> 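There's a structure below that I have some questions on.
Both counts, for ligands and for their atoms, begin at 1 and track the order of listing. No hydrogens, no waters, no symmetry mates; every other heavy atom, side chains included, goes into these values. Treat the numbers as computed from the prediction; the structure is a model and nothing was measured.
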Amino acid sequence: MSDENNIPKLPNDDDRGMGTGLAVKPRSRTKKPAMYKVLMLNDDYTPMEFVVYVLERFFNKPADEATQIMLHVHQRGVGVCGIFTYEIAETKVTQVMDLARQNQHPLQCTIEKDGDGDGEGDE
Ligand code: TYC
């Protein structure tokens, strides 16, 4: 007899739970917050030194990095000042635009959604 123990064998009885082709990503219980890029836009009038000052003061950039970011924006039209949660990004934009307005510079900053950090590609 081939079925010695009298228990009928189901197809694939030997690999239950395997080889189904399903890839299941374990859920993370703690979700990382959505993150937002603060972008700075170029214009023809804001002095370069003012932009460098803003990057140092509000984005805590060292002088050399602030200068690099400013030149990048000057040459390419837009650049990233930093990446923050929404509330902090909003606050930075308000601070920059307020100071620019007080000094009668047309400098503009905007917010753009970054990934939310869960790797599920909603950028
Ligand atoms: N383009 C400006 C100038 O030539 C400098 C500048 C750089 C302005 C970056 C804005 O976000 C900016 N004076």
> Before accepting this row, confirm whether a basic side-chain N of the pair Lys37/Glu112 lies closer than 4.0 Å to the acidic partner's carboxylate O.
yes

> Under a 4.0 Å heavy-atom cut-off, which residues neighbour ligand 1?
Met40, Leu41, Asn42, Asp43, Thr46, Met48, Val51, Met70, Val73, His74, Leu107

> How long is the gap from CD1 on Ile69 to CG on Asp64, to the nearest 0.5 Å?
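Here the interatomic distance stands at 9.5 Å.
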
> Let me confirm one number: the CZ-NZ distance from Phe59 to Lys92, rounded to the nearest 0.5 Å.
6.5 Å

> Enter the distance from Leu107:CG to Leu41:CG here, rounded to the nearest 0.5 Å.
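The CG atom of Leu41 is 8.0 Å from CG of Leu107, to the nearest 0.5 Å.
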
> For Tyr86, check ring pair (Phe, Tyr, Trp, His ring centres under 6.0 Å) against everything at least two apart and list the hits.
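Here the qualifying residues are Tyr36.
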
> Any chance you could measure Glu56, atom CD, to Thr67, atom OG1, to the nearest 0.5 Å?
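If we round to the nearest 0.5 Å, Glu56:CD and Thr67:OG1 are 7.0 Å apart.
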
